[in-house]
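Notes follow once the structure below has been shown.
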Protein chains: 2
Amino acid sequence: MQEQTDPPDEPSPGLVSTAIQAITQHIRSEGLAPGDPLPSEAAMTRQLNVSRTVVREAFRSLSAMRLIDMSAGRRATVAKLDTGAMSMVIEHGITTQQISVQQVYDVRRTIEMRTVALAALRRTDQEAAAIGQSARLMRENFSNPEAVMEHDIAFHEAIAAASHNPVFSLIVTAFSGVTRRTWVIGWRTRSSDEAQLKMIKGHEDIADAILKGDPRLAAEHMAEHFDKSVKALLDAGIA
Amino acid sequence: MQEQTDPPDEPSPGLVSTAIQAITQHIRSEGLAPGDPLPSEAAMTRQLNVSRTVVREAFRSLSAMRLIDMSAGRRATVAKLDTGAMSMVIEHGITTQQISVQQVYDVRRTIEMRTVALAALRRTDQEAAAIGQSARLMRENFSNPEAVMEHDIAFHEAIAAASHNPVFSLIVTAFSGVTRRTWVIGWRTRSSDEAQLKMIKGHEDIADAILKGDPRLAAEHMAEHFDKSVKALLDAGIA
DNA sequence: GACAATAACCTGTCATACAGGCTTTTTTCG
DNA sequence: CGAAAAAAGCCTGTATGACAGGTTATTGTC
């Protein structure tokens, strides 16, 4: 058996938590869709019989998680799926050293081996074009590492989008922040222009395999890409 | 040497967002670890030159994401990695029909094919025991579906933990909420006791493979398990 | 030196106030 | 009559002050 940290009784989870639950419950029970408006703060205040402070902190919390959208003067609305909260959790794990960059890469590899295969099977022509475009822009901006990185990130997100499973997109996008903070290290480790161009070639190979609709080949190239990336990070001493 | 009150031009992402960033920035720059205390609200109020309302909403937002822990009378502290925020994002996606249960299962399958293999390679004896224990408890509570479900969930989370990669644990645990809301449907679809026992046997096979340290076999059983689970959900008409 | 009383600080919640953004209604003018 | 402009009304963003109750540090006593 395992040790539980929660005491057996939790009488008051706090008014704010209660309010948060009431709001999410409202979304569920009313079957609200993205864009639909939520009750005003005043209405919630009356319904829950608490102060506006409490209701406001609840709304603000949901807004911070990007579950709802708030803006001045208008009512809050149900938000489209967004990676905001996940990104913050991952970043928090990294900055407090509870997870390592290498662990993130291991998860990315696992997921992207799947997204790339799905993309090869399910991509539309437009999505294939977007993926190819990102790879092409990496080469064209070769002399500008920052630009290469952004197109690299866009490349991976485009593949996730082409998997037609928004959960994959969510996760892959959540990792982009970590990538932004470590990408340059991997790039510098590829000391020669030749090594750097080879890395870009790897992306083009993946794009081609997706365009051809060959999931096995796409996954093979993706595996190779990740193995090299992780090796680059390890060479640079990233734990 | 630094911050004056009003930067001349900022499209104003809002004072609260600014405060949130200031707090996370503080965690980063001070290199805080889980359990370390953050500045008091009053201190933050002075430092950012905003009202306590703003600072409070920022703290509360971070608390809702489980990035910090708050409790009455004590200062907020840096939180241990927690799946709270991720769970809420996934649940939000499900309730607003932006993602389907089947899409979640596809992601789970992808991830757990990896965690089970890693668990077979890296599990400690204690972890192997915990995994086996969960499988055993599933069988022992056979007549109580709710209990079977909880041990099923614990089983998968234990495997993720045994992968020794907290990011996997984070994601697997984030999906547990969805499982709780759909598990019974799959269970009912297995109409006969025989079919239900076979499903439990599948878990025991996985546990055995992990105990034996055979990643390939473990992954094979896990694949089978997921294929049957997804089939059960599809038979029940889950989109 | 141990221990209890107390002071100081901190968070949780409430009430109120006001500036400014949106939306709807009313008014006015063509 | 119709359309544009003005006003009214609701809504959110932020600030301030107040007080209850929990937590920690200090002090004073034995």
Side-chain angles (χ1 to χ4, degrees), chain A residues 5-7 9-23 26-27 30 32 35-79 84, chain B residues 3-24 26-27 30 32 34-79:
Chain A
T5 45
D6 334 25
D9 74 300
E10 186 136 0
S12 168
L15 298 187
V16 176
S17 300
T18 306
I20 290 178
Q21 270 203 297
I23 297 168
H26 176 89
I27 294 176
E30 298 289 307
L32 299 187
D36 290 349
L38 276 69
S40 73
E41 292 177 1
M44 265 302 173
T45 293
R46 281 190 301 274
Q47 183 190 322
L48 299 177
N49 201 34
V50 294
S51 73
R52 181 150 91 103
T53 306
V54 171
V55 172
R56 235 191 114 60
E57 287 183 12
F59 271 91
R60 181 67 77 175
S61 294
L62 291 171
S63 169
M65 286 186 272
R66 308 288 192 102
L67 266 42
I68 66 177
D69 290 323
M70 297 174 74
S71 69
R74 278 191 314 225
R75 288 211 198 149
T77 59
V78 176
Chain B
E3 74 273 337
Q4 261 322 3
T5 51
D6 299 310
D9 67 313
E10 181 158 347
S12 179
L15 297 187
V16 176
S17 299
T18 307
I20 289 178
Q21 271 204 296
I23 297 168
T24 56
H26 176 89
I27 294 175
E30 298 289 308
L32 299 187
D36 289 350
L38 277 66
S40 73
E41 294 176 0
M44 267 298 175
T45 293
R46 282 190 300 274
Q47 183 189 324
L48 300 177
N49 200 34
V50 294
S51 75
R52 181 153 89 105
T53 307
V54 170
V55 172
R56 238 193 110 60
E57 287 183 13
F59 271 92
R60 181 67 76 174
S61 294
L62 291 171
S63 169
M65 285 187 274
R66 309 288 193 101
L67 266 42
I68 67 176
D69 290 323
M70 296 173 75
S71 70
R74 277 191 315 225
R75 288 209 196 154
T77 59
V78 176

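Protein chains get the first letters and strands the later ones, always in sequence-line order, with residue 1 at the start of each. Keep in mind that this is a model prediction, so the values were computed, not measured.
Between B/Asn49 atom CG and D/dT14 atom C1' there is a gap of 13 Å when expressed in whole angstrom units. One atom, CZ of B/Arg74, and another, C1' of C/dT11, lie 11 Å apart when rounded to the nearest Å. One can place CG of A/Asp69 at 17 Å from C1' of D/dG13, the figure rounded to the nearest angstrom. Atom CD of A/Glu41 and atom P of D/dT14 are 11 Å apart (whole Å). To the nearest angstrom, P of C/dC14 lies 15 Å from CZ of A/Arg46. The nearest whole Å value for the distance from the CG atom in B/Leu62 to the C1' atom in C/dT11 is 16 Å. Separating the CZ atom of B/Phe59 from the P atom of C/dT13 is a distance of 16 Å, rounded to the nearest angstrom. The distance from atom CD1 of B/Ile23 to atom P of C/dT11 is 11 Å, rounded to the nearest whole Å.
Residues A/Thr18 and A/Leu48 have side chains not in contact (no heavy-atom distance under 4.5 Å, counting atoms from C-beta outward). For the pair A/Glu57/B/Arg56, a side-chain contact is recorded, criterion being any heavy-atom separation below 4.5 Å from C-beta on.
At least one side-chain nitrogen or oxygen of B/Arg75 sits closer than 4.0 Å to the OP1 or OP2 atom of C/dC10. Phosphate contact (OP1/OP2 of C/dT13, side-chain N/O of B/Arg60, threshold under 4.0 Å): present.
Closest to the A/Leu15 side chain, of the nucleotides C/dT13, D/dA15, D/dT12, is C/dT13. Of the candidate nucleotides C/dT13, C/dC22, D/dT12, D/dT12 has the atom nearest to the side chain of A/Arg52. Listed nucleotides: C/dT11, D/dG13, D/dT24. Nearest to the side chain of B/Ala72: C/dT11. Nearest nucleotide to the side chain of A/Arg56, out of C/dA15, D/dT12, C/dG12: D/dT12. Of all nucleotides listed (C/dC14, D/dT14, D/dG22), C/dC14 comes nearest to the side chain of A/Val54. Distances were taken from every side-chain heavy atom of B/Thr53 (C-beta onward) to each of D/dT16, C/dA15, D/dT23; the shortest belongs to D/dT16.
Of all non-hydrogen atoms in A/Pro37 and A/Leu32, the two that sit nearest each other are O-CD1, 4.0 Å. Across all non-hydrogen atoms, the minimal contact from A/Arg75 to A/Pro39 is CD-C, 4.2 Å. For A/Ile68 against A/Ala76, the heavy-atom pair with the smallest separation is CD1-CB, 4.1 Å.
Counting non-hydrogen atoms under 4.0 angstrom, B/Ser40 reaches the backbone sugars and phosphates but no base.
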